[in-house]
Amino acid sequence: QVQLQESGPGLVKPSQTLSLTCTVSGGSITTSGYAWSWIRQPPGKGLEWMGVITYDGSTYYSPSLKSRTSISRDTSKNQFSLQLSSVTPKDTAVYYCARRNYYSCEYWGQGTQVTVSS
C-alpha cells in the first residue's frame, strides 16, 4: 500500500520559509499517471489545494499561492517537497501531502501541524 509521511519543523517564524518533505513508500513518485499534491487546512477552515508535481516533474500551483510556493522532488529518495516563502500567521495550518489520480487524492499522509509565530 502506498504510504506518505510529511516531515519538517512544526514552528516557523514570520517572514521565513516553510519547508516540508513528503516521503513516499510503497510506490514510486515517477510512476506514470499520478501527481503528488500539497494541501493544507487552516484552523476552522476547509482544505486548500496548494500545488502539485506530476510524475514527470511538471508543477502547477494555486493562483493565490503561486508567487510564494515551490514544489520539487528528489526521485532518488522518492520524496517531494514544499517551500512556502514569506510566511505569516495566516499560513498556520495542518499540511498534507497526497497522491492524486485522475479522480481524487486516494492516498494521504497523516498531516503535520505547522504554526507560524515568533
Side-chain angles (χ1 to χ4, degrees):
Q1 183 178 349
V2 175
Q3 295 182 337
L4 299 88
Q5 181 171 299
E6 304 89 347
S7 62
L11 292 172
V12 183
K13 295 180 178 180
S15 81
Q16 297 195 346
T17 296
L18 181 159
S19 297
L20 297 173
T21 296
C22 183
T23 300
V24 179
S25 61
S28 173
I29 63 172
T30 62
T31 297
S32 297
Y34 299 109
W36 305 87
S37 298
W38 286 100
I39 305 102
R40 69 179 183 179
Q41 185 169 34
K45 298 183 179 180
L47 296 169
E48 179 185 22
W49 178 76
M50 302 183 69
V52 65
I53 187 164
T54 69
Y55 64 92
D56 64 352
S58 300
T59 54
Y60 304 91
Y61 303 106
S62 169
S64 64
L65 296 170
K66 63 181 180 181
S67 66
R68 299 193 291 132
T69 306
S70 179
I71 298 174
S72 59
R73 66 178 183 170
D74 186 338
T75 58
S76 68
K77 297 180 179 180
N78 212 36
Q79 296 176 331
F80 64 105
S81 299
L82 169 73
Q83 292 190 317
L84 182 68
S85 65
S86 303
V87 298
T88 75
K90 292 183 179 180
D91 294 309
T92 294
V94 177
Y95 285 76
Y96 300 92
C97 57
R99 189 181 85 170
R100 177 148 190 118
N101 61 23
Y102 183 81
Y103 301 100
S104 66
C105 293
E106 82 273 49
Y107 293 105
W108 292 68
Q110 80 281 5
T112 186
Q113 173 71 45
V114 179
T115 299
V116 179
S117 69
S118 58

Residue pair [X] / [Y]: nearest heavy atoms and the distance that separates them:
X    : Y    : result
S81  : T21  : OG-OG1, 3.3 Å
I71  : G51  : CD1-C, 3.3 Å
V52  : A35  : CG2-CB, 3.3 Å
P14  : S118 : CD-N, 3.7 Å
V114 : P9   : CG2-O, 3.9 Å

Is it true that L65 and L82 fall in one hydrophobic cluster, defined by side-chain heavy atoms closer than 4.5 Å?
yes
Does L4 share a hydrophobic cluster with V94, counting links as ILVMFWY side-chain heavy atoms below 4.5 Å and allowing steps through other members?
no
Looking at L84, is its backbone amide N or carbonyl O close enough to the side chain of R68 to form a donor-acceptor pair, meaning the two atoms are under 3.5 Å apart?
no
Counterpart residues, ring pair (Phe, Tyr, Trp, His ring centres under 6.0 Å), relative to Y34 (two or more places apart)
none
Partner residues of W108 under the ring pair (Phe, Tyr, Trp, His ring centres under 6.0 Å) criterion, sequence neighbours left out
Y96
Pairing residues for [X] by the side-chain hydrogen bond (donor to acceptor under 3.5 Å, both in side chains) criterion, not counting sequence neighbours:
X   : answer
T69 : none
T54 : D56
S76 : D74

Tell me which pairs pass disulfide (SG to SG under 2.5 Å) where either residue lies in residues 29-78, with sequence neighbours left out.
none
Residue pairs, two or more places apart or on separate chains, that pass disulfide (SG to SG under 2.5 Å) and touch residues 24-62:
none
What residue pairs, at least two apart or across chains, pass salt bridge (Lys or Arg N to Asp or Glu O under 4.0 Å) with a residue in [range]?
range           : value
residues 22-47  : R40-E48, R40-D91
residues 98-118 : R99-E106
residues 5-14   : none

Using 0.5 Å steps for rounding, measure from the [atom1] atom of [X] to the [atom2] atom of [Y].
X    : Y   : atom1 : atom2 : result
Q110 : Q3  : CD    : CD    : 10.0 Å
L18  : T92 : CG    : OG1   : 9.0 Å
I39  : S62 : CD1   : OG    : 11.5 Å

Ring pair (Phe, Tyr, Trp, His ring centres under 6.0 Å) pairs, two or more places apart, involving residues 53-88:
W36-F80, W38-F80
List, one per line, each side-chain donor-acceptor pair under 3.5 Å for residues 22-30, sequence neighbours excluded.
{"unit_1": "T23", "atom_1": "OG1", "unit_2": "Q79", "atom_2": "NE2", "d": "3.0"}
{"unit_1": "S28", "atom_1": "OG", "unit_2": "T30", "atom_2": "N", "d": "3.1"}
{"unit_1": "S28", "atom_1": "OG", "unit_2": "T30", "atom_2": "OG1", "d": "2.8"}

